[in-house]
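Beneath this line is the structure, given in structure tokens, with notes to follow.
A note on names: the letters A, B, ... follow the listed sequences, proteins ahead of strands, and every chain is numbered from 1.
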Amino acid sequence: MKVVPIALNTFRESVRDRVLYNLILFVLLLVGASIFLGELSMSQESKIIVDIGLSAMRIFGVLISIFIGIGLVYKEIDKRTIYSLLAKPLHRHEFILGKYFGLCLTLFVNSVVMALGISLALLFVKGGADPIQIKIWPTAYLIFLELMVMTAISLLFSSFSSPALSALLAFFLFIIGTFSADLKLFAATVGSGVVKVMCQALYYVLPNLANFNFIMATAHGNTPSVGMMGAATMYAALYISALLAATVMIFQRRNFK
Amino acid sequence: MLALEINNLTKDYTVGFWKKRPVRALNDLNLQVGMGESFGFLGPNGAGKTTTLKILMRLIYPTTGEAKILGCPLDDMQMRARIGYLPEQPYFYDYLTARELLNYCAKIFGLNKAEALKRTDDLLKRVGLFEAADKQLRKYSKGMLQRAGLAQALINDPEVLFLDEPMSGLDPLGRREVRDLIAALRDQGKTVFFSSHVLSDVEALCDRVAIMNKGCLIESGKLSDILKSRTNELEAVVTGIDEATLNELQVFATQIVPAPEGAHVRVQSDKEIEYVLSIVHRAGGRLVSVNPVRESLEDLFVREISENAKVAKQAAS
Amino acid sequence: MKTSLWIAVIILGLGTSVVLQRWIDEQRGIGSAVEEALYVNSGKSLKRASLGFDGLIADLYWLRTIQYFGGKSQQLKGSINIGNVTEWKLTLLEPLITITTEVDPNYVSAYRFGALFLPDINPESAIRLAQRAIADNPDDWRLQQDLGFIFWKLQRYNEASEAYLQGSRLPDAPKWMEQMSAIMLANGGDRETAKQMFLRIYETTDDPTVKKTSLGRLQSYKSDDEIAFLNRLLANYREQKGGCPSSLPALIKAVPQVTLLQFKQAGLNLNEELMPLDPHGFAYSFDAATCTVALATDSTIVRWRR
Ligand SMILES: Nc1ncnc2c1ncn2[C@@H]1O[C@H](COP(=O)(O)OP(=O)(O)OP(=O)(O)O)[C@@H](O)[C@H]1O
Ligand SMILES: [Mg+2]
């Protein structure tokens, strides 16, 4: 499978471009928060660590997904590195999938290191083992799924629009996706036909990122159920497949000028 | 089997943001290149050379027409494994070293590790990058990038090579090296199809050439046939003669261009050159060189374009 | 690869994800967005975290509040009875309104919404909310009216009177605020007072839900009055004729023309057959056996517990 070398090379690119340096910022944030909380000796320490840690993981991850995700293919075309590649025995869809999974690999490493960091910080504030140190992992996994969806969204946008517009659109979808449950509520309460149907259609077509967001519940010591995790995984897989298929379709028609 | 066969290939680019209109970059191109040939694809800037190569490499899709490489349609993956391509002004992942780039390309061709390592080393030596092999490509000069590009085009030991201006950006020595490299490939029996707008690069290497202008094929065939040396005109470069002698030469020459310490004298045939020689000797001058006069590529373009213009004018009236 | 394959992947992916999403939503129950309110325990820290978008966040929570309320009323389809919110188990209403008003302390509609519905659910937090509303918006007399309303509901008429008095001194306060203050002291527990209260709320609110609710209560009071009145007419009829009329129109026909005109002016609705209708247009039901009038069983007039 030609996807693997491309994915690995994409991963190598992000490592050499120092994308993972955001981890340093993350660790500083966590350490800072821990020390600060230690000074205050508040009762909610572990909740706050979970909140800050997982939220930072999500935000950093989304920034990487959007900005690197948009550059993934755009940069290859802009710098013409794609020319010599596509002349080789390589299908365009293999190229797209390789680039996509390469960035996902980067995000995976990023997320794992961050989750480890949160677990360690929790070990520190709790002064020993505590279930919460394990409970963050399912939530971290769901955040990673969310990042995979966001990467696919960025990739799709970058396949037909400029980087600036793509970033804007991707951010827009991220916000809408986060609050999509509100869209559903709105559809449920709104009376008239057309608006209701539109809202419902949007609700189902737009990415529902709320499926992946259990940060607040985790901070309160709850974890998503196994069924919910399975469903979220399935949802991500289906949605990402659709996004990637659309990207490939657009990409296959492109002329590289 | 033909190495390359191009039939009625046309490419229109659409330009303009609001008002889209097509611009013809390639107009009904027909071309055939046999196996083992080294073929020069000539033309001034904007002639459509890169456009043709990009179509062959599936980077852009033709408006109409089709092409076959090694008898296979362009999207045949097995055929893709048997060709190599050097893009115009190549640029590669600048965070990789040349060695890593070649290894990466080898993986895409599905070469095994040992084979990849061996070929990488061989090629690095062959293109003169062995010393710089472990430097990141962002630290490479233009010429070094060009060499790295050549190396990656050769990683799969291709039967047919497509090179888009392989000599551009190289210093005279580098030009020479690449020329020798291509000559060696040709001698190995590879088919080399390369574009250029510099005549001297092509002269030494090519069996056949095609000349393009504004998207149209103007001529194709043996270079010597195309460039009209059909006149037996010769040019002698002489030194150490005075004004009076020059006047004397005027009788035999078709054209005299004075040069420092002498002149370039053109004559109709080798018969006249003897008169010129004796006159120069008599006057105590010296003959520096005698060469057949050949049309330069530029002359050819000028001639072709003016002929085309004439045809167009006639057609109009 | 074939284009049709990719199109199939798109359609299948999106299609199946819709089915999946429905399942997820079922699992998570109505409005996972609202569920969040369980976890956000301080609107103040939310305000800080909103990075200056607090207006937007407040709007979002206000929308969620209304949608939560609307969603609940949809769940209880059939009984469009907004009369008695106590039965709705609106556990999240208080946190949602609190968050909205903590993020934006000037969100008057949110405060007023809370004043109407919270007393039935949690009287103490209703009072606290109204007092915070006044503290943050000291110049808005309508908030004093709301506080008065809450106290009246809790039958704390002295405090209610005080609230109306305070409100009547604020700029633009209408004359009736002062009158209300006096009424509270004199006869706070009166039915007439209750009607006044809801009439005023009906008049002063812009919120459709609040308007609808207070109108519902007013219509309910009106139908009570009409039933009492019709029963009185029946009693008179029996006294004079020694028996029950065959139907309500028969009763109405027996009434002198002049009196009938007066009934109509008083707001009693009659259809062409002279059948008396309740404020929602349902004919009153007449039980000849007991010779009494009641609301029709299918009438949508709110029957709230008192
Ligand atoms: N992306 C594009 N959009 C519009 N027109 C284009 C595009 N690329 C090339 N062209 C036009 O197509 C024609 C052929 O260009 P092409 O690059 O093939 O020339 P070339 O022979 O390679 O020239 P050079 O020697 O300068 O490399 C030119 O007129 C050029 O302006
Ligand atoms: Mg070119």
Side-chain angles (χ1 to χ4, degrees), chain A residues 1-21 68 71-99 101-103 106 159-162 165 248-257, chain B residues 11-15 25 50-51 53-63 69 74-97 100-101 103-111 116 136-138 148-153 155-156 158 162 164:
Chain A
M1 200 50 181
K2 309 277 168 57
V3 175
V4 177
I6 294 183
L8 289 178
N9 190 52
T10 307
F11 176 67
R12 179 158 55 182
E13 171 173 9
S14 49
V15 171
R16 297 218 175 142
D17 280 352
R18 303 178 173 85
V19 169
L20 295 178
Y21 275 23
I68 315 271
L72 272 182
V73 170
Y74 178 80
K75 236 168 67 186
E76 294 254 359
I77 298 171
D78 192 45
K79 294 196 164 181
R80 291 178 285 115
T81 46
I82 199 174
Y83 286 16
S84 59
L85 219 52
L86 287 186
K88 297 187 165 53
L90 178 74
H91 290 288
R92 286 193 181 187
H93 68 259
E94 290 174 326
F95 176 78
I96 290 286
L97 294 180
K99 292 304 273 184
F101 286 112
L103 183 52
T106 311
S159 69
F160 62 82
S161 73
S162 73
L165 185 60
V248 167
M249 273 181 64
I250 296 171
F251 192 67
Q252 273 175 340
R253 280 167 178 65
R254 273 196 74 161
N255 286 307
F256 301 114
K257 300 185 171 173
Chain B
K11 173 70 184 175
D12 291 334
Y13 285 111
T14 35
V15 294
T50 301
T51 302
L53 279 164
K54 275 170 143 184
I55 292 174
L56 294 177
M57 294 305 121
R58 292 179 315 157
L59 295 171
I60 55 181
Y61 298 111
T63 308
I69 301 175
L74 291 182
D75 53 5
D76 186 314
M77 284 294 147
Q78 250 105 51
M79 173 274 282
R80 293 267 139 205
R82 293 159 62 196
I83 64 170
Y85 169 56
L86 167 71
E88 185 176 28
Q89 293 166 22
Y91 193 86
F92 304 99
Y93 304 106
D94 54 13
Y95 51 89
L96 293 183
T97 67
E100 285 167 338
L101 173 72
N103 257 315
Y104 176 47
C105 292
K107 271 194 225 158
I108 289 179
F109 279 106
L111 300 181
Q136 284 194 343
L137 293 177
R138 73 181 66 188
L150 263 171
Q152 65 82 32
I155 190 78
N156 56 328
F162 295 89
D164 200 349

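Interface residue A:Arg80: backbone and side-chain heavy atoms are both found under 4.5 Å from chain B. With a threshold of 4.5 angstrom between heavy atoms, A:Arg253 approaches chain B through N, CA, C or O but not through any side-chain atom. For B:Gln89, the parts lying under 4.5 angstrom from a heavy atom of chain A are both the backbone and the side chain.
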Can you list the steps and then say if A:Glu76 with B:Tyr93 is a side chain to side chain contact (heavy atoms under 4.5 Å, CB included)?
CA-CA 9 Å; A:Glu76 294 254 359; B:Tyr93 304 106; 2.8 Å; yes
Test A:Lys79 against B:Asp94 for side chain to side chain contact (heavy atoms under 4.5 Å, CB included), laying out the working first.
CA-CA 10 Å; A:Lys79 294 196 164 181; B:Asp94 54 13; 3.8 Å; yes
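Rounded to the nearest 0.5 angstrom, A:Arg254 CZ and B:Ile60 CD1 are separated by 13.0 Å. Expressed to the nearest 0.5 Å, how far CE of B:Met57 lies from CZ of A:Phe256 amounts to 14.5 Å. Note: B:Asp75 CG to A:His91 NE2 = 8.5 Å, rounded to the nearest 0.5 Å. Here B:Met77 contributes atom CE and A:Lys2 contributes atom NZ; the two are 7.5 Å apart, rounded to the nearest 0.5 Å. For the atom pair OG of A:Ser84 and CD1 of B:Ile155, the computed distance is 12.0 Å after rounding to the nearest 0.5 Å. Expressed to the nearest 0.5 Å, how far CD1 of B:Ile108 lies from CG of A:Leu85 amounts to 4.0 Å.
By number of non-hydrogen pairs under 4.5 angstrom with chain A, the leading residue of B:Asn156, B:Leu86, B:Leu96 is B:Leu96. Here B:Phe109 is the residue among B:Phe92, B:Tyr13, B:Phe109, B:Phe162 with the most heavy-atom pairs under 4.5 Å with chain A. Contact count versus chain B (heavy atoms, under 4.5 Å) is highest, among A:Ile6, A:Asn9, A:Val4, A:Leu86, for A:Asn9.
The two residues A:Asp17 and B:Arg138 come nearest to each other via the heavy atoms OD1-NH2, 4.3 Å. Nearest heavy atom pair, residue B:Tyr104 against residue A:Arg12, reads CB-NH2, 4.5 Å. Taking both residues in full, the closest heavy atoms of B:Tyr61 and A:Asn255 are given as N-OD1, 2.6 Å, listed atom of the first, atom of the second, then distance.
Between the side chains of B:Tyr91 and A:Asp78, no donor-acceptor pair is found at a separation under 3.5 Å.
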